[in-house]
Amino acid sequence: MTILADARSRTRGWHRPSAVFAAVLGAVAVLCVAAMLVDQRTLAGAPIWAKPFKFAVSGALYFATWSWLVSLLPRFRRTAGWLTDFLVLIFAAEYVLLTFQAARGRASHFNIATPQDELIYNVMGKMIIGLQAATLALTVLVMFTKLEDRATFWAVRAGAVLSLVGISLGILMTSPSAQQLAQWRTGGHPDMVGAHTVGLADGGPGLPVLGWSTVGGDLRIPHFVGMHALQALPLLAIGLLALASRFPRLRDDVVRARLVLIGAAAYAGLIALVTWQALRAQSIVHPDAATLAAAAALVAAAGLGSWAAVRVR
């Protein structure tokens, strides 16, 4: 009871609808796990309920974070609340359509095989545009957030901007593949338009749960990595603050702010790296020498920058 009371006191000022929706999505994710155990159907090689599970987990993290961020705004909080309400409605409607298609054993994204499938995909596409527009507006409002801790100040801003970039990278998946274009040129009608796998057809071998391709490039990776900068960078700031009791140098908020900015730059580099890798039709688990070299350079730059941030007074 003490833990629950403490959680309530900490979240009392959070945006309530998005906090409740995050909790609901968390419960839905558990139900999706149960559905995967009961319903053994697959779609494109993946469990039929895997996509609703992933969207529920991702959505829970996304809305829990925005619920907190809206509570930090010194101004425009009512406007931000309305925009977040709109996000909740859009995502909820999209999730209902996604689940409806999963229950039917049909793909929700890129699917134009039947008039009904095409209508659902087109409606979801318009919803995503609305979600991006509202997220852009919220990101602008976050720039007005005032926080005493400089590290958290920059983590919130950088996380919101990089998250918007990650959401926008989803547009790369909507372009028709070469095979789909070839079908159109010959007078055919492809069942799918757009794909997340680069270099191969969707549905090949993939990582457990995540489903990311292990044999080709996968555009879901930069989309996922970028979108969750919204959680990663604030968590970095919180982690540095927690470590300050053990490492005196981290008690200086200027040092922590430098480390957060270096972390944000490294995270932006990571988004660019996995996007470049996916567009070259390269699997995340089979990087070539160029990818490894770029990754090593990114790690080295982040490491040296962090060392300098701590050492320089």
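Bear in mind the structure is a predicted one, so any value in this text is a computation, not a measurement.
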Any side-chain heavy atom of [X] sitting closer than 4.5 Å to one from [Y]?
| X | Y | value |
| --- | --- | --- |
| Leu169 | Met227 | no |
| Phe153 | Val260 | no |
| Trp68 | Pro234 | yes |
| Leu172 | Val198 | no |
| Phe63 | Val20 | no |
| Leu98 | Pro52 | yes |

(Q) Counting neighbours of CH2 on Trp184 that are heavy atoms of other residues, nucleotides or ligands and sit closer than 6.0 Å, is the number greater than 12? (A) yes
Q.
So for atom CD, which belongs to Gln179, do other residues, nucleotides or ligands contribute more than 12 heavy atoms lying within a distance under 6.0 Å?
A. no
Q: Could you go through the side-chain contact (heavy atoms from CB on, under 4.5 Å) check for Ile284 and Asp218 one step at a time?
A: CA-CA 8 Å; Ile284 190 70; Asp218 200 315; over 6 Å; no
Q: Start with the C-alpha distance between Asp288 and Gln277, add both sets of side-chain angles, then the distance that settles side-chain hydrogen bond (donor to acceptor under 3.5 Å, both in side chains), and finish with yes or no.
A: CA-CA 9 Å; Asp288 62 9; Gln277 184 181 18; over 6 Å; no
Q: Fit a plane to each ring of Phe91 and Tyr95, take the angle between them on a 0 to 90° scale, and name the class: parallel (under 30°), tilted (30 to 60°) or perpendicular (over 60°).
A: parallel
**Q.** Mutual orientation of the aromatic rings belonging to Phe55 and His109 [parallel < 30°, tilted 30-60°, perpendicular > 60°]
**A.** tilted
Linked, directly or transitively: [X] and [Y] (ILVMFWY side chains, under 4.5 Å):
| X | Y | answer |
| --- | --- | --- |
| Val209 | Val285 | no |
| Val28 | Ile90 | yes |
| Met127 | Phe21 | yes |
| Trp212 | Val57 | no |
| Leu279 | Leu181 | yes |

Q: Could you name each residue pair satisfying salt bridge (Lys or Arg N to Asp or Glu O under 4.0 Å) that touches residues 26-42, not counting sequence neighbours?
A: Asp39-Arg41
**Q.** Steps toward side-chain contact (heavy atoms from CB on, under 4.5 Å) verdict (Asp117, Arg104)
**A.** CA-CA 11 Å; Asp117 291 328; Arg104 295 174 63 225; 3.3 Å; yes
Within the side chain of [X], is there an N or O that forms a donor-acceptor pair under 3.5 Å with the backbone of [Y]?
| X | Y | answer |
| --- | --- | --- |
| Thr174 | Gly170 | no |
| Arg77 | Ser71 | yes |
| Gln183 | His189 | no |
| Ser213 | Gly216 | yes |

Between [atom1] of [X] and [atom2] of [Y], what distance do you get to the nearest 0.5 Å?
| X | Y | atom1 | atom2 | answer |
| --- | --- | --- | --- | --- |
| Arg157 | Thr152 | CZ | OG1 | 11.0 Å |
| Leu236 | Gln231 | CG | CD | 13.5 Å |
| Leu241 | Arg251 | CG | CZ | 11.5 Å |
| Arg16 | Ser67 | CZ | OG | 6.5 Å |
| Arg280 | Thr275 | CZ | OG1 | 11.5 Å |
| Leu138 | Leu131 | CG | CG | 9.5 Å |

Nearest heavy-atom pair of [X] and [Y]: which atoms, and what distance?
| X | Y | value |
| --- | --- | --- |
| Tyr121 | Val193 | OH-O, 3.9 Å |
| Thr135 | Tyr62 | OG1-OH, 2.8 Å |
| Pro205 | Val215 | CD-CG2, 3.9 Å |
| Gln180 | Gly194 | OE1-N, 2.8 Å |
| Gln282 | His286 | CG-O, 3.4 Å |
| Ala309 | Ile262 | CB-CD1, 3.7 Å |

Q) Got a salt bridge between Asp202 and Arg220, using NZ or NE/NH1/NH2 to carboxylate O under 4.0 Å? A) no
Q: Decide yes or no on side-chain contact (heavy atoms from CB on, under 4.5 Å) for Trp49 and Leu31, but give the supporting numbers first.
A: CA-CA 10 Å; Trp49 294 103; Leu31 293 176; over 6 Å; no
(Q) Check for me whether Arg150 meets the cation-pi criterion with Trp154, that is, NZ or CZ under 6.0 Å from the six-membered ring centre and within 45 degrees of the ring axis. (A) no
Q: Determine, stepwise, if the pair Asp149 / Arg256 fulfils side-chain contact (heavy atoms from CB on, under 4.5 Å).
A: CA-CA 9 Å; Asp149 181 64; Arg256 295 198 308 275; 2.4 Å; yes
